[in-house]
Amino acid sequence: GDSLFGRTDPNGNTIDLEASFCLSRCWSILLVKLTIWCLTVASFIYGWSSSAYPHWFMANLSYWTFLYACVYLTLSLITSALAVLKDRPQQNEATFLIKATWVMYLVAVVHGIIVV
């Protein structure tokens with residue numbers, strides 16, 4: 001509809017939520033997302049803990065981009081995990097979790113392009 005998160009755009013095209021957010025029950029996709037999430041979060045934690053000035057670590061904007069990416073990957077992982085662990089029917093509406101994932105993807109990408 002007319003909302004920001006509607007499945008249909010003004011031209012009448014429909015967003016395929018299952019394909020866009022990988023809502024199918026697929027363990028291999030969940031494993032790949034879990035691996036990427038672990039590497040990203042571990043890198044962020046290691047970077048912060050090994051910083052010469054850990055109290056000023058987040059003063060650099062590129063680390064905020066890294067943080068936004070970690071939040072997005074966390075939401076994406078949770079979305080996929082729920083799809084695998086719960087047997088739920090195809091959804092016609094975007095849930096709060098999908099909306100949050102959508103927003104964090106946009107924030108992470110736009111912030112990353114602007115800062116980097």
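Computed from a prediction, not measured in an experiment: that's the story for all the values here.
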Next item on the list: Establish whether V107 and I113 are linked, either directly or via other cluster members, by ILVMFWY side-chain heavy-atom contacts under 4.5 Å.
Entry: yes

Check: Under 4.5 Å between side-chain heavy atoms, hopping through other hydrophobics if needed: is there a path connecting L31 to L77?
Finding: no

Next item on the list: May I ask you to test the L67-M58 pair for a side-chain heavy-atom distance under 4.5 Å?
Entry: yes

Margin query: Quick one, T95 and K99 - any side-chain contact, counting heavy atoms below 4.5 Å?
Written below: no

Check: Can you say whether the rings of Y63 and F57 are parallel (under 30°), tilted (30 to 60°) or perpendicular (over 60°)?
Finding: parallel

Donor-acceptor pairs are to be reported for all side-chain atoms of residues 36-47 against protein atoms at under 3.5 Å, with residues two or more places apart or in another chain.
| unit_1 | atom_1 | unit_2 | atom_2 | d |
| --- | --- | --- | --- | --- |
| W37 | NE1 | T74 | OG1 | 2.8 |
| T40 | OG1 | I36 | O | 2.8 |
| S43 | OG | L39 | O | 2.8 |

In Å and rounded to the nearest 0.5 Å, what is the [atom1] to [atom2] distance from [X] to [Y]?
X	Y	atom1	atom2	value
L97	S76	CG	OG	9.0 Å
I78	T101	CD1	OG1	8.0 Å
W27	L34	CH2	CG	10.5 Å
L61	F66	CG	CZ	15.0 Å
K33	S28	NZ	OG	11.0 Å

Note to self: Quick check: closest heavy atoms across M104 and Y68, and the distance to 0.1 Å?
What the structure shows: CE-O, 3.7 Å

